[in-house]
Student: 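What follows is a structure written as structure tokens; I'll ask about it next.
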Amino acid sequence: DFTASEPKWLKIWETSQTGTPPAADSDKSPVFSMVIPPPNITGSLHMGHALDNVLPDYFVRHALMTGKHTLRVPGTDHAGIATQFVVEKNLKTKGIDRNSLSRQEFEVILKDWAQTTKSDILNQLVGLGCLFDFTRTRFTMDEMCSSAVFEAFSSLYKEGLIYKGPRIITWCTRCGSALSDLELEWEEKTGSLWHISYPIIGGDSIIVATTRPETMLGDSAVAVHPEDDRYKNLIGKKVTLPLVGREIPIIADYRVDKEFGTGAVKVTPAHDQLDWAIGQDHDLPLYQVIGENGRMTDQVPNRYFDATTSLARTQVVKDLEAQGLLIKEEKHKNSVGVCYRCSNIVEPLVSNQWFLRIAPLRDAALKAFERGEPRFYPENWGQIYYKWLSGLKDWCLSRQIIWGHRIPIWYCPGMTSTPPDAPSRINDTITGCPPICSQKKPISCPTCGKSGDFVQDTDVLDTWFSSGLWPMSVFGWPAKTVDFERFYPTSLMVTGYDILYLWVARMVMFGLHFTGKVPFKNVYLHGLIRDNKGRKMSKSLGNVVDPRGIQKEMGTDVLRFAMLQGAHPGRDMIASPDAFTGAKNFVTKVWNASRFIKLECEKAGSTPRSSLTHPSDFWIASSINATIAYMDEQMRELESANALRRLYDSFWGDFCDWYLEIAKLRLAQGPRDAVLGNLTALLERYLKLLQPAVPFVTHEIYENLKSLFHADRPLAACAWPEPLGVSTAQQETAAAWWATFCGIVTEIRTLRNDLGFAPKDTCNVSLSGIDDGTMKDAYLIEGLTHCKIVTDGVYGLAIRRPVLSGKAEVALLIDSGRDLSKEKQKLSLELTSTAGAIGRIQMNLANTAFTERAPKDILQKEIDRLAGLEKKRAKLADYLKQLDGVV
RNA sequence: GGGCACAUAGCUCAGCUGGUUAGAGCGACCGCCUUACACGCGGUAGGUCAGAGGUUCAAAUCCUCUUGUGCCCACCA
């Protein structure tokens with residue numbers, strides 16, 4: 001029921017501006033700033049988004065507690081193609097065809113969609129309990145971000161880094177737009193490899209192999225490897241292109257693979273990347289035979305005109321066969337590119353598009369990486385990033401869709417050119433006045449002075465263009481704002497490794513180019529969320545876990561803790577329903593333990609002071625100190641999972657299972673104040689350590705106990721705990737006490753279980769080989785094991801067990817009639833394994849290589865161990881003999 | 001074709017700058033509704049650390065190879 005308080009805390013964090021840095025001049029604390037990976041406005045948030053936000057929030061909350069001023073900027077991404085695709089689909093269900101709408105009408109619908117979806121997403125982000133500064137919420141198409149986009153485009157344009165021209169690009173015929181190389185996915189398909197005979201003028205023929213026979217209609221050459229002996233003598237001859245009749249040359253190019261197919265390849269510069277490159281170098285003519293609609297153009301013989309590519313393929317094959325030119329058809333596996341959003345098969349074709357010359361940006365990023373910026377977690381992703389950057393080519397910036405930042409280029413009405421809206425983009429060359437780069441419609445042409453109806457380019461920018469500017473644009477760049485000065489570059493970027501290239505690399509390049517600084521010092525790449533079968537989550541598989549479902553059912557803390565506990569940098573994470581069980585149990589445990597302490601303190605009616613007196617106090621203090629040290633170490637490596645596992649163990653395994661149980665007995669026994677004081681003080685520390693992971697439940701507890709804690713602020717604003725003052729000597733004493741105490745208790749419990757004592761039965765135990773200090777705690781041992789420690793008396797049998805390599809001994813005193821077979825078996829098993837261990841050590845010690853070369857401390861350790869084990873073995877043998885006599 | 005990662009208990013994963021008899025959670029088994037908690041407590045079982053070599057006094061940990069799995073990149077026409 002503590003989950004009911006979530007809305008209350010969300011409100012308190014918001015109104016108290018927890019996590020929002022104070023005004024710039026008020027304090028000089030170091031700043032920890034982050035920007036959100038802006039979710040697409042395509043729907044609701046899924047598990048990946050939850051991870052994108054919970055993980056950074058853990059670091060933000062931790063940073064806040066360690067005295068930093070934190071800022072995390074929230075926002076959303078307009079997500080060009082993705083959003084338009086979803087909205088089009090949505091319209092379709094209402095029976096509306098997007099093509100029946102004007103650009104303006106469609107824009108209105110898109111804006112409406114953006115408005116509602118945006119607020120849905122932001123609401124969901126709020127619910128995750130992340131410390132965002134919502135007064136700084138941004139959207140990639142809002143005014144601030146748009147002006148950054150314009151500034152970036154125009155300055156790149158002025159530098160000559162942006163150009164427009166016909167190039168081979170990837171085209172999605174469904175979306176009707178160009179795509180960048182990164183927006184492709186590859187699917188393995190089994191198709192055919194056709195061998196086609198091209199007749200050589202002057203006799204003979206050459207056989208080419210192709211997977212796409214329909215593109216032969218656009219061939220402008222046949223290429224062979226210059227050192228291929230089979231074809232050397234044919235280079236320079238001409239062939240007649242079947243079905244078309246065109247004469248095309250046989251050329252030589254090193255990029256041809258002699259081993260593949262027949263070693264001769266048809267060259268279709270307009271519809272293949274490699275052929276384009278060969279065509280460029282050999283100055284081959286272009287024949288655009290496939291149009292942007294995915295059908296054959298008028299560049300082909302009439303009988304194929306307007307056929308779909310697959311229809312044309314069938315027809316071409318049939319016709320070749322009829323002419324006896326089809327030599328063979330063999331099965332062939334190859335990959336086909338599909339659109340990453342709509343999964344439609346894409347066509348490589350030549351189109352007039354806007355490009356960004358990447359070389360200078362890329363080289364700056366490479367140099368930055370060489371001097372260690374940014375630093376990657378996990379480290380190995382840095383190499384992957386570097387390698388990818390090294391081979392990076394120009395970026396196709398333009399998209400032929402509606403939803404996005406329109407290219408800020410205007411055409412002078414006086415210019416003589418194909419208008420930018422022309423149906424085919426191939427010959428869209430501009431003559432006359434150069435285009436004008438301007439955010440608003442120009443009044444007059446700076447070249448010819450004419451005024452009139454300037455036409456804006458119809459294309460919009462790739463959505464990743466604005467995403468790439470995100471860490472700058474959210475702070476108001478290009479304006480020299482206070483925020484920009486203060487928060488840029490950001491401290492840490494957390495995002496999935498799947499968008500390393502699409503996003504992270506581009507942010508780095510833009511950041512360096514425009515500000516000279518890498519936009520973040522560190523990059524944490526998290527893995528993907530998978531289902532319990534290790535599959536990626538997808539709607540079509542129906543295996544999507546909705547974070548809201550978990551939140552509603554078990555609480556946001558459970559969602560957060562489960563994710564944080566499973567998140568290792570760069571590693572995928574399994575999110576099956578029972579992955580949340582452990583987290584749920586833990587959160588409940590925290591709540592219950594706190595409730596116990598609260599109840600006890602209320603009984604006392606005072607606010608007791610903490611003071612460490614009992615060995616158990618020093619022991620638990622050491623446990624917490626070690627936990628804090630370990631957590632700090634792991635946090636430096638951004639290993640939330642390891643940090644939290646340790647905290648989990650300390651809290652549950654040490655504090656709840658042992659310290660609290662001991663405390664109960666101490667409370668019953670004697671002076672309560674110190675015990676209660678310690679319980680509260682320790683709980684407070686745990687709450688602080690837990691807060692970044694499970695803020696709701698810890699805040700609620702802290703609030704409930706605030707009079708005990710003397711709390712004057714929300715938990716999130718408290719300082720990260722320093723280690724408790726425990727001297728080394730105290731720690732060592734406590735550790736020794738703990739080893740004996742825990743050993744005795746555990747052995748007694750085990751004996752009870754093995755001998756079949758009912759939990760309610762009290763049994764008699766005698767202890768030997770222990771010091772007076774431990775004897776003082778006899779009542780604790782009795783309480784924890786439900787036994788009575790006796791020093792005299794007559795019993796039938798003493799079932800004995802060694803503790804700690806035989807230094808101490810417990811004996812369970814029984815009358816008779818118990819089944820001893822289990823105990824015998826256990827003792828002999830332990831005897832065997834002890835003997836084995838002894839044997840190994842003896843062998844080791846007899847080995848001069850070991851005694852000479854091993855470090856002294858290791859050697860001494862082994863000698864001590866051997867002594868202990870031998871003592872233990874003697875006892876075990878003795879016990880066993882005794883038992884054997886009983887039968 | 002190139003590269004990266006992973007392979008540890010039935011499942012999900014820690015441990016890996018080499019050094020006790022390899023750990024946790026979930027699941028399984030036995031016993032307990034003990035007044036914070038059955039979302040719990042106590043106990044038990046379960047692993048030749050993928051395989052083969054090598055380095056070393058000593059390898060889950062370092063090196064090499066093999067096998068299997070996942071992912072990324074690539075102009076296999």
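Everything numeric here is computed off the predicted structure, so don't read it as measured data.
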Student: Going by the rule salt bridge (charged side-chain N to carboxylate O under 4.0 Å, His left out), which residues pair with A:Lys328 if we only count those two or more places apart in sequence or in a different chain?
Tutor: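 Counting only residues at least two positions away or on another chain, A:Lys328 forms a salt bridge (charged side-chain N to carboxylate O under 4.0 Å, His left out) with A:Glu330.
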Student: Answer yes if the side chains of A:Glu329 and A:Ser192 hold a donor-acceptor pair under 3.5 Å, and no otherwise.
Tutor: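 Side chains of A:Glu329 and A:Ser192: pair found under 3.5 Å.
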Student: Return the nearest nucleotide to the side chain of A:Ile574; candidates are B:G3, B:U12, B:A5.
Tutor: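 In terms of side-chain proximity for A:Ile574, the closest of B:G3, B:U12, B:A5 is B:U12.
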Student: Salt bridge (charged side-chain N to carboxylate O under 4.0 Å, His left out) with A:Asp275: which residues, sequence neighbours excluded?
Tutor: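 Partners of A:Asp275 under the salt bridge (charged side-chain N to carboxylate O under 4.0 Å, His left out) test: none.
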Student: Not counting sequence neighbours, list each pair that qualifies as a salt bridge (charged side-chain N to carboxylate O under 4.0 Å, His left out) and has a residue in residues 646-667 of chain A.
Tutor: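 Applying salt bridge (charged side-chain N to carboxylate O under 4.0 Å, His left out) to every pair that reaches into residues 646-667 of chain A, excluding sequence neighbours, yields A:Asp617-A:Arg666, A:Glu661-A:Lys664.
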Student: Anything under 3.5 Å between a protein N or O and an N or O of nucleotides 20-25 of chain B, put it in a table, one pair a line.
Tutor:
unit_1, atom_1, unit_2, atom_2, d
B:U20, O3', A:Arg865, NH1, 3.3
B:U20, O3', A:Arg865, NH2, 3.0
B:U20, O2', A:Arg865, NE, 3.2
B:U20, O2', A:Arg865, NH2, 3.1
B:U20, O2, A:Arg865, NE, 3.4
B:U21, OP1, A:Arg865, NH2, 3.1

Student: Between A:Tyr497 and A:His526, is the gap from one ring center to the other below 6.0 Å?
Tutor: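 A:Tyr497 vs A:His526: aromatic centres not under 6.0 Å.
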Student: A:Arg571 near the nucleic acid: base, sugar-phosphate alone, or nothing, with a heavy-atom cut-off under 4.0 Å?
Tutor: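 Sugar-phosphate contact only.
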Student: For nucleotides 31-36 of chain B, read 5' to 3', which letter fits each nucleotide if B means a protein heavy atom sits under 4.0 Å from the base, S means only the sugar-phosphate is that close, and - means neither?
Tutor: SSS--B
Student: Taking 4.0 angstrom as the limit, do A:Glu830 and A:Lys826 come out as a salt bridge?
Tutor: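 Not counted as a salt bridge, because no side-chain N and carboxylate O are separated by less than 4.0 Å.
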Student: Check RNA chain B for consecutive Watson-Crick or G-U pairs with both distances under 3.5 Å and list the runs of at least three as stems.
Tutor: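 Counting only runs of 3 or more consecutive pairs, the stems involving RNA chain B are B:1-7 with B:67-73, B:10-13 with B:23-26, B:28-32 with B:40-44, B:50-54 with B:62-66.
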Student: Give the rounded distance in Å between these two atoms: CD of A:Glu637 and C1' of B:A14.
Tutor: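 A:Glu637 atom CD is separated from B:A14 atom C1' by 16 Å.
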Student: Which residues satisfy the side chain to side chain donor-acceptor pair (under 3.5 Å) test with A:Asn844, sequence neighbours excluded?
Tutor: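 Result, side chain to side chain donor-acceptor pair (under 3.5 Å) vs A:Asn844: none returned.
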Student: Considering just the side-chain nitrogens and oxygens of A:Trp652, establish if one lies under 4.0 Å of OP1 or OP2 belonging to B:C41.
Tutor: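 For B:C41, OP1/OP2 do have a side-chain N/O of A:Trp652 under 4.0 Å.
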Student: With sequence neighbours left out, what residues match A:Asn380 under side chain to side chain donor-acceptor pair (under 3.5 Å)?
Tutor: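 With neighbours one apart ignored, the set is empty.
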Student: Polar-atom pairs under 3.5 Å, protein N or O versus N or O of nucleotides 68-76 of chain B: list them with distances, or write none.
Tutor:
unit_1, atom_1, unit_2, atom_2, d
B:C72, O2', A:Tyr501, OH, 3.4

Student: Check whether any side-chain heavy atom of A:Leu525 lies under 4.5 Å from a side-chain heavy atom of A:Thr495, and answer yes or no.
Tutor: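 Touching, per the 4.5 Å side-chain cut-off.
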Student: Could you write nucleotides 44-50 of chain B as a row of B, S and -, 5' to 3', where a protein heavy atom under 4.0 Å of any base atom gives B, of only sugar-phosphate atoms gives S, and otherwise -?
Tutor: S------
Student: At under 4.0 Å between heavy atoms, what does A:His568 touch on the DNA or RNA strands: base, sugar-phosphate, or nothing?
Tutor: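 Counting heavy atoms under 4.0 Å across all strands, the contact made by A:His568 is with sugar-phosphate only.
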Student: Using whole Å, report how far CG of A:Leu845 lies from P of B:A58.
Tutor: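 It is 15 Å, rounded to the nearest whole Å.
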Student: Base, sugar-phosphate alone, or nothing: which one does A:Ala209 contact when heavy atoms must sit under 4.0 Å apart?
Tutor: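 Answer is base: heavy atoms of A:Ala209 come under 4.0 Å of a base.
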Student: Which residues pass the salt bridge (charged side-chain N to carboxylate O under 4.0 Å, His left out) test with A:Lys584, sequence neighbours left out?
Tutor: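 A:Lys584 satisfies salt bridge (charged side-chain N to carboxylate O under 4.0 Å, His left out) with no residue once adjacent residues are dropped.
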Student: Do the side chains of A:Arg212 and A:Glu347 get close enough for a salt bridge, i.e. N-O under 4.0 angstrom?
Tutor: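 Judged by the 4.0 Å cut-off on N to carboxylate O distance, A:Arg212 and A:Glu347 do form a salt bridge.
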Student: Going by the rule salt bridge (charged side-chain N to carboxylate O under 4.0 Å, His left out), which residues pair with A:Arg801 if we only count those two or more places apart in sequence or in a different chain?
Tutor: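 Once residues adjacent in sequence are excluded, the partners of A:Arg801 under the salt bridge (charged side-chain N to carboxylate O under 4.0 Å, His left out) criterion are A:Glu747, A:Asp754, A:Glu823.
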Student: From OH of A:Tyr377 over to P of B:C4, roughly how many Å is that when rounded to an integer?
Tutor: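 In whole Å, B:C4 P lies 22 Å from A:Tyr377 OH.
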Student: A:Val208 near the nucleic acid: base, sugar-phosphate alone, or nothing, with a heavy-atom cut-off under 4.0 Å?
Tutor: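 Nothing, no heavy atom under 4.0 Å.
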Student: May I ask you to say what A:Pro855 touches in the nucleic acid, namely base, sugar-phosphate or nothing, with a heavy-atom cut-off under 4.0 Å?
Tutor: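 Base contact.
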Student: Using the six-membered ring wherever Trp is involved, compare the ring planes of A:Tyr501 and A:Trp388 and label them parallel, tilted or perpendicular (cut-offs 30° and 60°).
Tutor: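 It falls in the parallel class, under 30°.
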